[in-house]
S.K.: 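The following block contains the structure, expressed as structure tokens.
Lettering of chains follows the sequences in order, A, B, ..., and the numbering in each one begins at 1.
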Amino acid sequence: MLAIEDLHASYDSTPVLRGVDLSVDEGEIVGVIGKNGAGKTTLMKSVIGLLEPDSGTIQFDGRDVTDEPSDARARGGMGYIPQRRDVFPSLTVEENLRMGESINEGGEARYDAVYEYFPILEERREQKAGTMSGGQQQMLAVGRALVGSPDLLLLDEPSEGVQPSIVAEMSETIGQMSEETETTVLFVEQNLSVIDALAERCYVMEKGRIVEELAAVEHETVATHLAV
Amino acid sequence: MIYDTLNLLFQFLDSFAFIVLATVGLAVIFGMMGIINLAHGEFILVGAYGTTLSYGAGLPLALAMGVGVLATTVFGLVLERTVMRRLYHRPLDSMVATWGLSLVTVQLARIGFGNTLSQVGTPLGSISYGAFSYSAYRVVLAGIAVAVLVSLYWLFMYTEFGTQARATMEDEPTARSMGVDTGRIYLGTFGLGSALAGLTGALYAPTITMTPELGASFLVEAFVTVVVGGSSVLVGTSLAGGFLGVVNATFTNLAGTFIGQVAMLLAAILAIRLLPEGITGLIDSWRAKRAEGGQ
Amino acid sequence: MSLRTVLDGPNTRGTSDRFWAAFGLAVVALLGYPLVASTYAVANAALFLLYAILGLSLCVIWGYCGILSFGQVAFFGIGGYTFGIVGINLSTTTGTALGLLTGVGVATLFAFVLGYFMFYGGVRDVYVTIMTLVVALVVHTFMGQTAGSEWAIGEAALGGFDGMTNIPNLMLGGIELIDTAFYYVVLLVLLGTYLGLRALVNSDFGRAMVAVREDEERTELLGYDTKRIKLLVFTLGGALAGLSGVLYASWGNYMNPAVFGITFAALPVVWVSVGGRDSLLGAIGATYAIEWFSQQLSITGSEYALVVVGGLLLVTILWLPKGVAPAVADWLSEKQSSPSIRGHEEVAD
Amino acid sequence: MAAEPEPLLATDALRKEFGGLTATDDVSLTVSPGERRCLIGPNGAGKSTLLSLITGQLDPNAGSIRFAGEAIDGLSPHERIDRGLSVKFQVPSVYGEFSTRENLRLALQRRVSGEELEDAIVDSLSRFDLADEEYVEANALSHGQKQRLEIAMASALDPALLLLDEPVAGLSVEETQRIADLLIDLNESVGVALLVIEHDMKFVRALAERVTVLHQGSILIEGEMENVADDPAVRNVYLGEEV
Amino acid sequence: MNNLFSTGRSSTRRAFLAAGATGITATAGCTGSARQDADVVRIGVLEDRSGGFALNGTSKWQTSVLAIEELNEAGGILGKEIELFDPDPQSDNQRYQELTRRLIQREEVDALWAGYSSAARETIRPLINQYEQLYFYTTQYEGGVCDSTIFPVGATARQQLGAVVPHLIEEYGPRIYTIAADYNFGQISGDWVRILAEENGAEVIGEEFIPLDVSQFGSTINRIQEADPDFVMSMLVGQNHTSFYNQRASAGLDIPIGSSTTMAQGYEHRRLNPPALADMYVGVNYMEEVDTEASNAFVERFYDRWPDAPYLNQEAQNNYFSIHMYAEAAERAGTTDQEAVIEELEKGVEIEAPEGTIELDGDTHHMNHHMRIGHADSNHDLSFGNEQYIGAGFLQEVGCSLPDDPETTQYLPAEVYDL
């Protein structure tokens with residue numbers, strides 16, 4: 001589904017990714033773990049296309065999308081959930097969800113499914129997204145990406161700033177959804193419980209490189225990498 | 001007494017229509033894409049010239065106005081592709097660049113069409129009341145101003161384009177990552193802003209003098225209103241238009257045109273000082289307070 | 001050397017010995033210009049040089065403190081009008097000197113009040129720009145209607161749209177400053193302003209000023225009172241613009257409200273953005289070059305003159321967004337193939 | 001209680017809301033003079049908001065702050081800095097187009113001038129091991145160098161309390177250790193109190209005398225690192241797992 | 001070619017030739033210049049061809065070119081070819097100053113024609129006086145300028161309003177409402193309306209001065225309706241103000257209007273859609289529609305030379321006759337030395353202009369003009385009537401006599417009349 005080869009990227013000429021290789025198979029849920037500053041968010045931005053890589057290739061669904069702009073990638077089936085609950089604060093919940101419709105062009109909009117996963121979103125349809133709590137905004141961000149039934153879901157630190165109970169609930173929902181709809185998921189995270197609950201396979205990232213691949217979640221190893 | 005009130009009302013409608021119509025195109029472009037378009041007056045010029053020239057060529061007035069709007073839209077779209085897209089969210093640079101554009105446009109209009117065009121007469125006659133009468137067309141203009149605001153509200157709030165445009169304005173990268181072709185949204189929004197400026201030119205073509213400098217007479221009101229209005233294009237423009245219209249009409253009525261104009265500008269300066277975020281900021285904080293109270 | 005330590009620093013581009021040698025040559029050339037040029041050419045050059053002071057006034061507040069004022073001409077005009085009022089009423093040597101002082105003083109005060117009003121009122125960024133423009137336009141509207149005889153201060157009628165006539169020439173030590181004498185005075189004032197501003201931007205205060213431009217919040221968290229810095233710089237800009245206006249009034253013996261209009265208001269912004277907003281010398285050069293060029297164009301009488309001026313502006317912003325002087329400096333330093341680490345030469349000297 | 005010296009910093013029931021989000025919820029925090037304190041908690045716990053409330057970049061919806069015996073509510077940031085606060089941001093925000101030297105100078109010139117300023121710059125450069133980078137534009141510095149430069153700038157103001165937001169984020173183990181050593185040295189030599197937000201537990205262990213855990217905008221627990229780390233509630237929120 | 005002037009110029013010119021040439025080198029102009037090209041006569045013309053006043057300025061420039069070409073074809077002035085310096089001041093007062101300096105100091109013009117607006121004239125007036133430059137200002141204006149080297153040859157407010165106000169009082173009644181542009185010209189014109197009203201037993205019942213950048217007139221129209229005058233005197237100026245007439249028509253304000261500013265300068269009767277100017281009366285010394293032999297011949301020559309020109313306005317005629325008048329005076333003086341030419345002009349010159357035969361009043365440097373009242377009907381068709389020959393009375397009353405008493409003053413009606 002997704003294959004990244006020797007990806008280099010930088011912010012303002014400061015290199016952040018220094019040759020990332022990773023691949024995700026169809027239907028798989030893969031986690032990328034690493035400390036702050038390891039380059040996880042940059043990796044996600046490069047995959048969705050918000051950051052132009054310096055070199056390397058990104059293949060999605062058998063196509064080379066390295067030079068495609070992000071909106072084309074999204075319409076091609078990538079659903080992206082940005083870090084820090086990047087919803088549109090002055091748009092209502094429903095309008096936020098509607099923005100997700102463009103993902104995976106031609107796919108059917110799945111409002112029912114989303115409302116089923118996150119009933120609170122239906123309740124708050126008319127409310128402005130910016131006035132909701134952090135957890136609710138995170139659900140909205142996830143729901144928004146799911147509306148368009150993406151083939152590949154990209155999650156950037158879904159647990160950040162969210163209550164543990166909601167984190168757990170959300171991990172579960174995402175896992176369930178992936179199973180039900182055979183959606184491939186790539187997420188980056190430093191919260192152990194999310195990694196535990198979701199990942200079938202794990203990459204460990206340090207200083208812009210993948211330093212280790214863990215077949216299943218090896219709890220202790222992961223913990224040392226997070227250096228808690 | 002009743003006639004005086006009617007006079008004041010008509011003058012308010014007149015000011016309101018002028019302020020709103022002078023502003024909307026600029027407000028859409030500034031509010032949505034952070035371009036301070038000093039060539040705004042020249043967009044209006046294109047609309048007015050398009051209308052007057054095609055009326056002169058024999059088209060009925062309504063159709064001629066359509067041509068004016070269309071010409072301005074095309075003008076705007078071409079500029080977006082060639083110039084404006086390099087200036088998004090560089091408001092200060094955009095100011096200098098569009099000033100250059102304004103000089104060029106005015107002078108090319110002069111070279112192309114001479115110092116003046118022969119004028120379209122104002123249609124629709126007048127409304128009489130007591131010793132007074134008022135141009136019916138100007139009352140219609142006020143109606144159109146309101147209609148423009150309402151349709152913009154509908155467009156931005158209830159259509160897919162509107163939602164996408166608002167999302168793009170708020171957070172362009174995220175909108176793009178949701179599959180929105182933000183380049184097209186920008187193009188469309190700029191086209192819309194241009195069309196609105198063109199509409200203003202078309203509507204006022206029968207009432208103002210056709211010279212290449214005609215755009216300048218809209219510029220001050222437009223800028224003042226945008227600033228007083230603040231970040232929200234619609235709410236800001238309508239409220240600022242209303243506020244400045246009342247100030248202008250009242251003082252003009254009481255003390256003459258000059259005082260009316262100065263009062264309006266001073267009111268604007270005070271408003272900017274007291275509400276650095278514009279009227280929109282005031283509304284936002286009021287809403288926030290109400291929301292808090294409600295919880 | 002000690003002078004060089006004051007004038008050189010990381011906030012100005014030309015700091016090498018070669019730069020100063022070239023600068024000295026240029027000054028000598030300007031000083032010698034009246035010896036070879038006609039009276040007309042000298043008087044004309046004086047106009048461009050006094051405009052350059054107006055250009056510098058914007059350069060220092062926009063380029064070095066990040067505040068784009070679209071209303072520098074308001075201070076320029078107020079300085080000029082005030083000089084006129086005082087000068088007409090007291091048409092003596094001390095009278096015009098007093099006119100110079102009050103002209104600059106009133107412009108400075110006006111800038112201070114406006115700056116206080118804005119910066120301490122939380123007006124920021126592009127709103128400052130539009131606000132300054134609106135203020136200039138308000139003054140424009142006001143001055144345009146001062147035609148009546150009630151708008152006279154002593155002997156000096158404001159004159160409305162027609163403007164104020166019979167403004168006397170500046171006098172220094174009993175000598176009326178016209179033509180060549182005026183040129184030398186303007187040249188020296190400009191030179192003083194330039195060197196003074198160089199010293200300022202490379203001083204502790206200047207560094208703080210540039211820090212405000214780069215990141216106002218960060219600078220405040222280093223303990224700098226950024227509002228005060230902005231107010232001081234804005235006031236200084238107003239004073240320089242006022243000075244330029246006084247010289248202008250003396251040059252043409254005339255002021256009119258067009259100096260507050262949007263067309264003239266745009267000019268300093270044009271000069272500075274073309275020259276390079278953080279280059280003092282760029283601002284001077286661009287002012288001179290642009291004014292000279294557009295005057296030449298108007299002399300041709302070509303109907304395309306304004307098209308060319310506008311087009312150049314557009315092209316410069318699109319292709320040289322940082323302005324001509326920085327582009328030239330970059331190009332020169334690339335040619336020297338030394339990595340351009342600014343500030344290095346300061347110590348190497 | 002009465003025996004304790006007056007705290008250097010004391011916040012009283014600070015509350016800050018953004019729209020519907022409560023970022024800090026009645027936080028009362030005290031820091032004593034010369035103390036080394038760490039503030040930990042998961043992302044989004046309100047740590048950075050608390051910091052901005054202390055520096056005055058944000059105004060609280062409720063609550064008050066005292067610093068060095070005075071109420072500082074309503075003072076603008078620069079006035080608070082003048083009273084002896086200093087801050088280093090989460091994301092290094094050095095002046096990218098200035099050289100290392102210029103960055104340092106900008107901070108040091110607040111205190112000293114002339115010869116003394118020269119000496120202070122040289123001193124600071126060597127103390128924070130930036131002498132080789134003196135004329136390098138800050139944009140071109142490595143992440144670790146930027147972090148050090150910013151700590152150098154913050155401490156250049158000779159503050160009584162230094163606020164540091166994630167000073168070692170994204171640094172290597174060696175660099176982290178170096179920063180810890182620098183900060184401890186600074187604390188011990190001039191007696192500056194430190195309030196540090198950090199995720200890196202090794203660093204926190206090395207540095208902190210006391211630790212405050214913030215969660216969901218309020219203080220969960222406060223105490224010595226060992227006690228805090230063993231607290232089940234902390235392990236729950238921080239590591240997201242039942243222990 | 002139509003023989004425009006009554007004196008047999010071409011026969012006398014050669015006689016002056018030798019003397020003229022030596023005269024020039026001897027006096028070498030007031031500027032004390034070293035460079036005086038004895039082979040040409042240098043004329044400077046600054047008329048706006050771009051910017052806000054291009055509408056009015058362009059035909060002034062065109063007739064200037066026409067006049068100079070005619071003179072050159074006939075052998076120039078004093079046998080010397082006329083060289084024209086005609087940069088475009090772009091309606092920009094600052095540019096006016098720069099260019100005037102250039103024309104005086106560098107091109108050393110023998111005579112200068114410059115400016116449409118009073119503001120442009122005032123901008124350069126200090127320079128003109130400082131360098132004692134012979135200068136012709138040709139626009140109709142508020143009047144009162146009494147400067148020793150300036151010849152304001154356009155009709156003054158006194159002349160224009162003096163033609164139209166009494167006529168309208170007689171025709172429609174004594175209650176007058178004045179609207180005028182809010183600057184010197186408008187205010188002084190307003191004063192003249194009051195003076196003329198008083199002289200003719202009428203009264204100004206309302207007066208409004210309108211800033212030049214106003215283009216919306218709803219409230220003004222209401223005020224006029226409220227006052228209900230017998231007629232309106234409009235001294236509105238500029239393109240923004242022109243909008244008044246359209247707005248007046250659409251608001252149904254059908255009170256007759258008298259004016260000194262419409263039609264003859266900006267040809268509003270051609271540009272605006274009827275009936276915007278219905279029942280408009282304007283006092284003019286010339287319009288291209290004036291149907292006399294001299295006028296028709298002039299119009300024909302003009303459009304032969306400038307087939308694309310939209311209109312030939314009153315001021316353009318003034319440029320045209322005054323250039324010929326200058327040539328005449330220089331011929332008579334036998335030199336282009338400015339002092340000598342001014343002295344010759346001050347003796348009084350009679351000239352056959354397209355508007356008719358008119359005289360220069362040597363004392364005041366103003367022209368006696370043939371004033372007519374042009375009337376536009378609801379189709380904007382023009383008729384002319386009530387022709388009078390009106391002199392520069394006001395300046396004579398205040399004692400402006402430049403040959404005896406050289407001065408640089410602008411007299412205001414308020415200084416003489418009790419307003």
Side-chain angles (χ1 to χ4, degrees), chain B residues 3-4 6-8 10-15 17-18 55 106-107 110-111 114-138 204 206-214 216-218 220-221 248-249 251-254 256-258 260-262, chain E residues 48-59 90-91 179 182 207-228 238-254 266-276 308-311:
Chain B
Y3 294 144
D4 288 345
L6 270 176
N7 275 346
L8 191 60
F10 280 131
Q11 270 155 36
F12 166 71
L13 288 178
D14 215 25
S15 297
F18 184 76
Y55 178 81
V106 169
Q107 191 58 19
R110 183 185 308 286
I111 293 169
N115 290 315
T116 182
L117 298 181
S118 87
Q119 182 94 33
V120 180
T122 312
L124 300 182
S126 64
I127 304 167
S128 292
Y129 48 104
F132 301 102
S133 57
Y134 219 84
S135 165
Y137 184 69
R138 303 188 74 86
Y204 278 91
T207 74
I208 54 171
T209 314
M210 289 296 109
T211 64
E213 284 87 16
L214 66 87
S217 55
F218 294 86
V220 175
E221 271 87 353
N248 186 14
F251 281 89
T252 302
N253 204 352
L254 288 176
T257 341
F258 166 67
Q261 214 179 21
V262 167
Chain E
D48 303 314
R49 277 166 283 151
S50 47
F53 292 119
L55 178 70
N56 309 296
T58 306
S59 70
Q90 300 167 338
S91 308
I179 49 175
D182 192 2
E207 201 172 37
E208 189 176 354
F209 295 101
I210 294 160
L212 285 158
D213 49 2
V214 165
S215 58
Q216 307 297 321
F217 290 91
S219 69
T220 304
I221 290 169
N222 280 162
R223 278 159 199 281
I224 295 173
Q225 289 174 328
E226 190 160 21
D228 193 25
Q239 299 321 315
N240 289 325
H241 282 185
T242 304
S243 310
F244 169 76
Y245 301 106
N246 248 331
Q247 293 174 22
R248 163 218 182 211
S250 70
L253 179 74
D254 50 10
Y267 52 103
E268 288 83 355
H269 57 298
R270 300 277 186 89
R271 290 155 49 206
L272 304 187
N273 217 30
D308 295 330
Y311 193 72

S.K.: Which atom pair, heavy atoms only, marks the closest approach of B/T207 to E/N246?
M.R.: O-CB, 4.1 Å
S.K.: What part of E/S50 lies closer than 4.5 angstrom to a heavy atom of chain B: side chain, backbone, both or neither?
M.R.: both
S.K.: By a 4.5 Å heavy-atom criterion (distance strictly below it), what part of B/P206 contacts chain E: side chain, backbone, both, or neither?
M.R.: backbone
S.K.: Hey, what do you get for OG (E/S250) to CZ (B/R138), rounding to the nearest 0.5 Å?
M.R.: 6.5 Å
S.K.: Between the side chain of B/T209 and the main-chain N/O of E/N240, is any donor-acceptor distance below 3.5 Å?
M.R.: no
S.K.: Quick check: closest heavy atoms across E/A54 and B/R110, and the distance to 0.1 Å?
M.R.: CB-NH1, 3.2 Å
S.K.: Which atoms of E/R248 are under 4.5 Å from chain B, going by heavy atoms: the side chain, the backbone, both sets, or neither?
M.R.: neither
S.K.: To the nearest 0.5 Å, what is the distance between CZ (B/F251) and OG (E/S219)?
M.R.: 14.0 Å
S.K.: For B/F18, which atoms come within 4.5 Å of any heavy atom of chain E: side chain, backbone, both, or neither?
M.R.: side chain
S.K.: Of all residues at least two apart in sequence or in a different chain, which pass the salt bridge (Lys or Arg N to Asp or Glu O under 4.0 Å) check with E/R271?
M.R.: none
S.K.: With chain B, which of E/Q239, E/R270, E/E208 has the greatest number of heavy-atom pairs at distances under 4.5 Å?
M.R.: E/Q239
S.K.: In terms of heavy-atom proximity below 4.5 Å to chain B, should E/D228 be classed as side chain, backbone, both, or neither?
M.R.: neither
S.K.: Using non-hydrogen atoms and a 4.5 Å limit, figure out which bit of E/F217 sits close to chain B: side chain, backbone, both or neither.
M.R.: neither
S.K.: Would you please name every residue forming a salt bridge (Lys or Arg N to Asp or Glu O under 4.0 Å) with E/E268, sequence neighbours left out?
M.R.: none
S.K.: CD1 of E/I221 to CD of B/Q11: how many Å apart, nearest 0.5 Å?
M.R.: 10.0 Å
S.K.: At a heavy-atom separation under 4.5 Å, does E/P211 approach chain B through its side chain, its backbone, both, or neither?
M.R.: side chain
S.K.: Side chains of E/Q216 and B/D14: donor-acceptor distance under 3.5 Å anywhere?
M.R.: no
